[in-house]
Amino acid sequence: MRKSRVTVVGLAGAFALAGAWGCGGGEAPESAAPAAEPEAETPEEAPRVEAADIDAALANGALLLDVRTDEELAEHGTIDGFVHIPIGELEARLGELPEGVPILTA
């Protein structure tokens with residue numbers, strides 16, 4: 001994943017994400033020759049905002065970002081004011097997010 005100047009803050013206990021950043025793939029087939037992989041950069045864990053602190057974060061200009069799929073939104077709904085960018089599209093759409101603003105994800 002490319003580096004970005006976007007700050008992402010997780011909502012502790014607000015929503016459970018199916019998967020994680022950089023998820024996907026699976027086991028390589030046994031017949032596949034092992035490929036030399038470049039050393040992956042370990043992302044820093046995003047700070048967490050407790051539910052009791054969400055209102056204060058929003059009052060200070062934080063953006064709400066919902067990364068669930070369209071199907072998950074249809075099934076569970078969303079919260080007014082969230083910006084929706086599905087997790088599978090997030091890397092390609094990072095330019096749509098403001099820089100220098102904390103982003104709360106769900």
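Since we're looking at a predicted model, the values are computed, not measured. Only this structure's heavy atoms are used, side chains among them; waters, hydrogens and symmetry mates stay out.
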Once you round to the nearest 0.5 Å, how far does NE2 of His84 lie from CG of Leu64?
13.5 Å

Does anything in residues 52-61 form a salt bridge (Lys or Arg N to Asp or Glu O under 4.0 Å)? List the pairs, not counting sequence neighbours.
none

Separation between CG (Leu63) and CG (Leu58), nearest 0.5 Å, reads 9.0 Å

Is the side chain of Glu89 donor-acceptor paired with the backbone N or O of Pro86 at a distance under 3.5 Å, no angle test?
no

Is there a side-chain contact between Ile85 and Leu97, using heavy atoms and a 4.5 Å cut-off?
yes

Side-chain contact, heavy-atom cut-off 4.5 Å: Leu73 with Asp66?
yes

Got Leu65 and Leu104 here, is their nearest side-chain heavy-atom distance under 4.5 Å?
no

Using a 3.5 Å distance criterion without hydrogens, assess whether the side chain of Arg68 forms a donor-acceptor pair with backbone atoms of Gly77.
yes

